[in-house]
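Here is the structure we will look at, set down as structure tokens.
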Amino acid sequence: MDVPARSQQTELGLSILLSEKSDWIRGKSIGLITNHTGVDATLQSNYRLFAEAPACQLSAIFSPEHGLWGAAQDGVAINSIETSDENPVSVPVFSLYGQSMRPTADQLEGIDLLIYDMQDVGARYYTYISTLLHAMEAASDCGVAFIVTDRPNPITCTAVEGPVLESGSESFVGIHTIPIRYGLTIGELAVLLKAERVPSCQLKVAWMRGYKRGMWYDDTGLPWVPPSPNMPALTTAMLYPGLCLFEGTNMSEGRGTTKPFEYIGAPWCDGERWAELLNNCQLPGVRFRPVVFTPAPVAETTKHAKQTCGGVAIHITDRTQFRPIKTVLQMLSVLTTEYRDYFEFLPAHFDRLAGNIWLRDALSNGTSVDAIQARWMHELQTWRDNTTQYHAYP
């Protein structure tokens, strides 16, 4: 069946690099940091494009969490692939989510240039940005040049939300002192990381053309490729900056269903009651519907697998007004009141995701959502002011 052509407005940094900036890669031995999302506007894989480019030699591929094909579930360590049916080209594929989280000196032997090209989702927890920083550090240590081919922030660059990660709370799901929803493209973030963490990195960015800060991913005309197994759609990415915090609780965040991060619940939850209480809060841009679901055991860590859960389905009614972090704070606030005998935080993981040690206590102690948000408003404004210098797009 013929599929109508989409109106393309945005040209990816990948295409700019291979055409107008090909002198950056000419004569270079390249290590490509990528996964299944590293495609151009016609869905051609970047590793094929680099392997066939006469100007350079593709020498190695490095893959992040979820693996080169995006098939592994969250948190699953991945071995490097030397040769197998999973290896698409005749070069080694090294995992950056297994024995090492960064390219090693041995793996970078003979490589002149590392290129980072894969789709991010615009939230601090998403580990692809941690892979970016570790790779920049490794390249700097080994004297290897580094290029980021820029891609859209799918949830726009105009909204910034949540607490800025506190110094000392860094982890692989919080690699730098940025807000949960940080409002930059991956190229802009790389420039910030160079300035604040890796000043010796030999960084260049192949910027996009036709991109604007207020664009959602579906405004770009580019095809959506799910960046990970539980990020099937743009709607999921819109919810993720807030709803991911449920990973740090004893409730299912919808993994093992067709609606990860859209379904939230537990066997002891009365979805009808929870939905009613949440809808009474009249949160902007969102409505809640009671739902019953049974998570499939897609991983060892799937919560409430094979158990019938009551809960809510989250429906975004106006994405420009919807604020995922405010929404999840209200959801958690209701749970700590209505289900205090059943609902629990998983303290270590929740604090890692929050990027601080106080948010969990504030929710447990009944602090209002407005008071919680007020605590980080000043640092968010400081973030906005300080990061305008890194903006590459209007």
Side-chain angles (χ1 to χ4, degrees), residues 8 10-72 78-98 100 102-120 128 131-132 134-136 138-139 142-151 186-187 190 202-209 222-223 225-228:
Q8 184 189 343
T10 300
E11 189 172 359
L12 290 168
L14 172 63
S15 299
I16 299 294
L17 176 62
L18 287 167
S19 56
E20 299 171 26
K21 303 294 184 181
S22 61
D23 58 305
W24 290 5
I25 62 174
R26 185 167 293 115
K28 304 295 185 183
S29 171
I30 288 173
L32 178 62
I33 304 166
T34 195
N35 61 7
H36 62 292
T37 66
V39 295
D40 68 7
T42 64
L43 297 175
Q44 294 186 80
S45 296
N46 54 13
Y47 55 78
R48 293 288 183 198
L49 295 172
F50 284 113
E52 296 167 3
C56 63
Q57 176 183 344
L58 180 63
S59 300
I61 295 173
F62 299 86
S63 66
E65 184 181 8
H66 308 296
L68 180 61
W69 298 105
I78 301 167
N79 295 323
S80 295
I81 306 165
E82 296 292 340
T83 56
S84 77
D85 292 340
E86 298 176 40
N87 192 333
V89 289
S90 300
V91 300
V93 179
F94 299 114
S95 171
L96 300 182
Y97 199 78
S100 177
R102 53 184 280 163
T104 66
D106 287 344
Q107 291 166 353
L108 293 177
E109 183 70 30
I111 288 178
D112 306 309
L113 174 64
L114 276 177
I115 298 175
Y116 179 103
D117 181 51
M118 56 187 174
Q119 182 59 53
D120 182 49
Y128 296 172
T131 296
L132 170 65
H134 285 323
M136 290 173 66
C142 295
V144 174
F146 201 95
I147 290 175
V148 172
T149 54
D150 208 13
R151 289 179 177 268
I186 196 67
Q202 304 170 49
L203 174 68
K204 292 182 179 178
V205 179
W207 300 107
M208 295 176 283
R209 179 181 292 122
L222 297 165
V225 177
S228 57

Exam field: side chain [X] to backbone [Y], donor-acceptor pair closer than 3.5 Å:
X	Y	result
Ser29	Gly110	yes
His66	Ala71	no
Ser95	Ile78	yes
Thr104	Gln107	yes

If you measure from [atom1] on [X] to [atom2] on [Y], what distance do you get to the nearest 0.5 Å?
X	Y	atom1	atom2	answer
Cys56	Leu18	SG	CG	7.5 Å
Leu32	Asn35	CG	CG	9.5 Å
Ile186	Leu132	CD1	CG	5.0 Å
Arg48	Asp40	CZ	CG	13.5 Å
Asp23	Leu17	CG	CG	9.0 Å

The criterion is ring pair (Phe, Tyr, Trp, His ring centres under 6.0 Å); which residues satisfy it with Trp24, sequence neighbours excluded?
none
Quick one: ring pair (Phe, Tyr, Trp, His ring centres under 6.0 Å) partners of His36, sequence neighbours excluded?
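Checked His36 against ring pair (Phe, Tyr, Trp, His ring centres under 6.0 Å); zero matches.
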Please tabulate, for side-chain N and O atoms in residues 113-120, each donor-acceptor pair with protein atoms closer than 3.5 Å (sequence neighbours left out).
unit_1 : atom_1 : unit_2 : atom_2 : d
Tyr116 : OH     : Tyr128 : O      : 2.9
Asp117 : OD1    : Thr149 : OG1    : 2.5
Asp117 : OD1    : Arg151 : NE     : 2.8
Asp117 : OD1    : Arg151 : NH2    : 3.3
Asp117 : OD2    : Asn46  : ND2    : 2.8
Asp117 : OD2    : Arg151 : NH2    : 3.0
Gln119 : NE2    : Pro152 : O      : 2.7
Asp120 : OD2    : Gly122 : N      : 3.1
Asp120 : OD2    : Tyr182 : OH     : 2.3

What are the two closest non-hydrogen atoms of [X] and [Y], and how far apart are they?
X	Y	answer
Ile33	Ala135	CD1-CB, 3.4 Å
Ile111	Gly31	CG2-N, 3.7 Å
Val148	Gly187	CG1-CA, 3.9 Å
Thr37	Pro227	CG2-CA, 3.5 Å
Leu203	Ala190	CD2-O, 3.6 Å
Arg102	Leu96	C-CD2, 3.6 Å

Only counting residues at least two apart or in another chain, list the ones meeting side-chain hydrogen bond (donor to acceptor under 3.5 Å, both in side chains) with Ser22.
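For Ser22, the residues satisfying side-chain hydrogen bond (donor to acceptor under 3.5 Å, both in side chains) (neighbours in sequence not counted) are Arg26.
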Evaluation steps, side-chain contact (heavy atoms from CB on, under 4.5 Å), between Phe62 and Leu108
CA-CA 10 Å; Phe62 299 86; Leu108 293 177; 4.0 Å; yes
All salt bridge (charged side-chain N to carboxylate O under 4.0 Å, His left out) counterparts of Glu109, not counting sequence neighbours:
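With neighbours one apart ignored, the set is empty.
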I'd like to check the salt bridge (charged side-chain N to carboxylate O under 4.0 Å, His left out) partners of Arg209; sequence neighbours left out, ordered by chain and number.
Glu11, Glu20
Just wondering, do [Y] and [X] contact through their side chains at under 4.5 Å, heavy atoms?
X	Y	answer
Val39	Leu14	no
Tyr47	Val91	no
Pro103	Phe94	no

